[in-house]
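Everything below concerns the one structure shown next.
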Amino acid sequence: MPQNPPKAAPNPAASAAAPEADAISADSFAQLDREKFAHNMMRVGVQTQQLLTEFFKRMAERDGSAPLDPLNISGAFLALAKAMGEDRETVMTGQVQLWKDWMGLWETTALRILGGEAPAMIEPASGDRRFRDAEWQRNEIFDFIKQSYLLTANSLQQMVAHLHGIPDNERKRIEFYTKQFADAFAPTNFPLTNPEVMRATLKSNGENLVKGLDNLLADIERGKGELSIRQSADGFVLGQNIATAPGKVVFRNQLMELLQYDPVTEQVYERPLLIFPPWINKFYILDLRPENSFIRWLTAQGYTVFVVSWANPDESQAELGFEDYMRDGIFAALDAVKDATGVPDPNCVGYCIGGTLLAATLAYMAAKNDSRVHSATFWAAQTDFSEAGDLSVFVDEAQLEALQEQMKASGGLLKGSKMAGAFNMLRANDLIWSFVINNYMLGKQPMPFDLLYWNSDTTRMPEKLHLSYLRQCYRDNALALGKMMLGGVTLDLSKVKVPVYLQSAREDHIAPAKSVFKGAHLFGGPVRFIIAGSGHIAGVINPPAARKYQYWTNDAKAKALDVEDWRNGAIEHPGSWWTDWDKWLAKLSGEKIPARKPGDGKLKVLCDAPGTYVKVKAQ
């Protein structure tokens, strides 16, 4: 889920620019303490030498087994070069237009330097926080640098988008890596072309660069030789100031702990609610703080809430696959909920990849006439991957083979840092470059931020499970096509007749609304589909009290429409989609009964929430 890492939430590092800071002028340089500056630059030189020495040492120690190009970037750019060579007209048209834009920019810049006024040739896109510092607008030179970069980056990306001869399976990857290239070379990422960094350097006589190199060395040390960028300051302790909803662990096996949360109402619905989060991230995205805790809100509505906390796997679990997660995850949890409450068929929720597993399991259960699930809700979960999100750029066969090599070299596991790196690339400006600037150029520490702390709290992936998911779902779309098998059963989602609620988010880049909507045509029972505002994380975690965003509903049967027809007939509602889901879920949850507490049934309390598995750290 993607670490989920999220359409990037408001990022303290990215918003650290100082729009009202003093302008950079000749006086700024005159106030520089040259002796201190020289001393600090000497320290920077020594640290840089140390950094390079360590880098070359580690390169010499490599055994040569690691793939040279694990992301197959060379394959994408070879396809781009071939298309550019064959489609000279598109390339030439783009170059001519860029030359015209540059001439216009020179003209408007000259006019501004001479004291005149001229409209900008180009402005940063809405939501682009890189150029918030006032110097990018008021200083003609920095404004020229900004606009020349934006014109060039846009021209490059537009040319790639319009090139003929690029195979469909390569175009998205080429566009993705072209944007990565353009983002990396933004002027904000270099000290001499970033006014905020230049201002800090002049003001501190270069002390910011010394502290920045200290931060860089510390991040490399923490990553055991790999760069592990800190996104949040320490200061969070699970169970103390994050993941604090009161509850107990009532069941545990090698794969998961099952948490039952304390009731807060005198009466609760008879039918409990069982939630399967993604194992790509830890479950406490559902319980960051009391004010945005989905779990606390659900218990306040009168639901008995159970949540699975997946184990952070070790090498002994490398051969666990989808079937293991079905049997020791979903089936074990269903049995445990029955023992705890006496109810044989809870309502279930699957979030992201947890939803894909739940859907596959429901198809297996339908084939076996197993009725232990009363209804299924899917949060940002895909069942049809034909138009999947940005993660699809990582699943061509060359990358999957390289990934398999990496996992075998790591004992059959994908390191948490590798997964985090892939998710961070999806929002590189917010989740990578903003911290490069903040931590390494400005020499600051990141602010404590619960969402980014969770995003950095990585998990490992078992080789068999992860490769099976990427190949069967993302590459082959086997679940939607009725070709996926579990336990010897060919899965057919049309046989799933339980009521289904599909939640999607308008700006979700991991499970796009259009992709989630395709699931409405796969399930055989009644389906309610909604689109929420925001993205993969904030689109799900949006408490009504926050009064943020919106959601869209359409009472027409989703199965009878395509997504655009659905959108055209949808009604927009302000605020959180949680209230709509609550109305749907309440009707499926039975009568109210006296509140049940963890330990009341056959299952005894093992420990307090958030449990022990969630505290296992991973590289």
Side-chain angles (χ1 to χ4, degrees), residues 1-3 58-59 61-83 166-178 180-181 225-227 278-280 313-325 353 356-357 360 382 385-426 458-481 483-486 510 618-619:
M1 171 178 76
Q3 134 109 208
R58 292 183 187 281
M59 290 298 99
E61 292 172 350
R62 292 179 63 177
D63 60 9
S65 62
L68 294 176
D69 184 13
L71 298 179
N72 192 25
I73 297 174
S74 59
F77 283 112
L78 281 173
L80 173 60
K82 183 175 183 293
I166 297 178
D168 291 340
N169 62 342
E170 283 287 357
R171 184 174 296 277
K172 189 170 184 177
R173 294 186 62 243
I174 291 171
E175 291 176 346
F176 177 79
Y177 287 119
T178 299
Q180 294 291 314
F181 176 82
E226 297 182 2
L227 182 60
W279 52 83
I280 290 175
D314 57 28
E315 293 182 12
S316 69
Q317 297 167 309
E319 287 302 310
L320 296 179
F322 249 69
E323 187 173 340
D324 298 291
Y325 273 64
I353 190 175
T356 305
L357 173 67
Q382 298 174 98
F385 289 76
S386 59
E387 297 186 65
D390 290 349
L391 285 176
S392 59
V393 303
F394 298 120
V395 293
D396 65 278
E397 191 55 35
Q399 288 188 79
L400 293 177
E401 290 176 0
L403 179 64
Q404 189 164 8
E405 288 181 34
Q406 290 179 328
M407 296 173 81
K408 287 187 181 302
S410 299
L413 298 170
L414 179 65
K415 294 180 179 180
S417 58
K418 299 296 185 183
M419 178 64 67
F423 277 102
N424 289 341
M425 285 178 69
L426 301 182
T458 58
T459 58
R460 294 180 289 263
M461 298 293 115
E463 177 183 341
K464 182 178 179 180
L465 173 75
H466 195 54
L467 289 174
S468 174
Y469 171 60
L470 294 179
R471 286 192 167 114
Q472 292 197 67
C473 293
Y474 273 95
R475 189 192 65 182
D476 300 337
N477 199 23
L479 179 58
L481 296 176
K483 297 180 179 179
M484 185 174 177
M485 295 187 68
L486 279 182
I510 293 175
Q619 276 295 327

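We're numbering straight along the sequence, starting at 1. Since this is a predicted model, take the numbers as computed values, not measurements.
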### Query
Closest heavy-atom contact between Ala318 and Gly412?
CB-O, 3.2 Å

### Query
Measuring from Leu465:CG to Leu470:CG, what's the distance to the nearest 0.5 Å?
9.0 Å

### Any side-chain heavy-atom pair of Leu71 and Met425 under 4.5 Å
yes

### Query
Is there a donor-acceptor pair under 3.5 Å between the side chain of Gln399 and the backbone N or O of Val393?
yes

### Query
Can you tell me how far NZ of Lys408 sits from CD of Glu463, rounded to the nearest 0.5 angstrom?
4.0 Å

### Query
With a 4.5 Å heavy-atom cut-off, do Met419 and Thr458 have their side chains touching?
no

### Message
A quick test of your reading: do over 12 heavy atoms of other residues, nucleotides or ligands sit less than 6.0 Å from NZ of Lys172?
### Response
yes

## Note on the structure
d(Arg471 CZ, His466 NE2) to nearest 0.5 Å is 10.5 Å

### Task
Write down the atom of Ala388, the atom of Gln382, and the distance for their closest heavy-atom approach.
CA-OE1, 3.3 Å

#### Entry: Spatial distance of atom CD (Glu170) from atom CG (Leu80) [nearest 0.5 Å]
10.0 Å

### Task
Please answer whether the main-chain N or O of Met407 pairs with a side-chain N or O of Ser410 as donor and acceptor at a distance below 3.5 Å.
no

#### Entry: Intermediate values then yes/no, side chain to side chain contact (heavy atoms under 4.5 Å, CB included), Gln317 and Asp324
CA-CA 10 Å; Gln317 297 167 309; Asp324 298 291; over 6 Å; no

### Query
Parallel under 30°, tilted from 30 to 60°, perpendicular over 60°: which one fits the rings of Tyr325 and Trp279?
tilted

### Task
Report the C-alpha distance between Leu357 and Tyr469 in whole Å, list the side-chain angles of each, state the deciding distance to 0.1 Å, and finish with yes or no for side chain to side chain contact (heavy atoms under 4.5 Å, CB included).
CA-CA 9 Å; Leu357 173 67; Tyr469 171 60; over 6 Å; no

### Task
Search all heavy atoms of Arg173 against all heavy atoms of Asp396 and return the closest pair with its distance.
NE-OD1, 3.2 Å

### Task
For the pair Phe423 and Ile510, evaluate side chain to side chain contact (heavy atoms under 4.5 Å, CB included) and give the outcome as yes or no after the intermediate values.
CA-CA 9 Å; Phe423 277 102; Ile510 293 175; 3.5 Å; yes

### Query
Would you say the side chain of Cys473 lies within less than 4.5 Å of the side chain of Thr356, judging by non-hydrogen atoms?
yes

### Minimum heavy-atom distance between Ala76 and Tyr177, given as atom pair plus value
CB-CD1, 4.2 Å

### Task
Test side chain to side chain contact (heavy atoms under 4.5 Å, CB included) on Leu400 and Arg475 and set out the steps.
CA-CA 10 Å; Leu400 293 177; Arg475 189 192 65 182; 4.3 Å; yes

### Query
If every non-hydrogen atom of Ile353 is compared with every non-hydrogen atom of Pro278, which pair is closest and at what distance?
CG2-CB, 3.5 Å

### Task
Can you see which heavy atom on Leu413 is nearest to which on Pro462, and at what distance?
CD2-CA, 4.0 Å

### Task
Describe, in one word, how the ring planes of Phe181 and Phe77 are oriented to each other, choosing from parallel (under 30°), tilted (30 to 60°) and perpendicular (over 60°).
perpendicular

### Task
Drop me the distance from Asn477's CG to Gln472's CD, to the nearest 0.5 angstrom.
11.0 Å

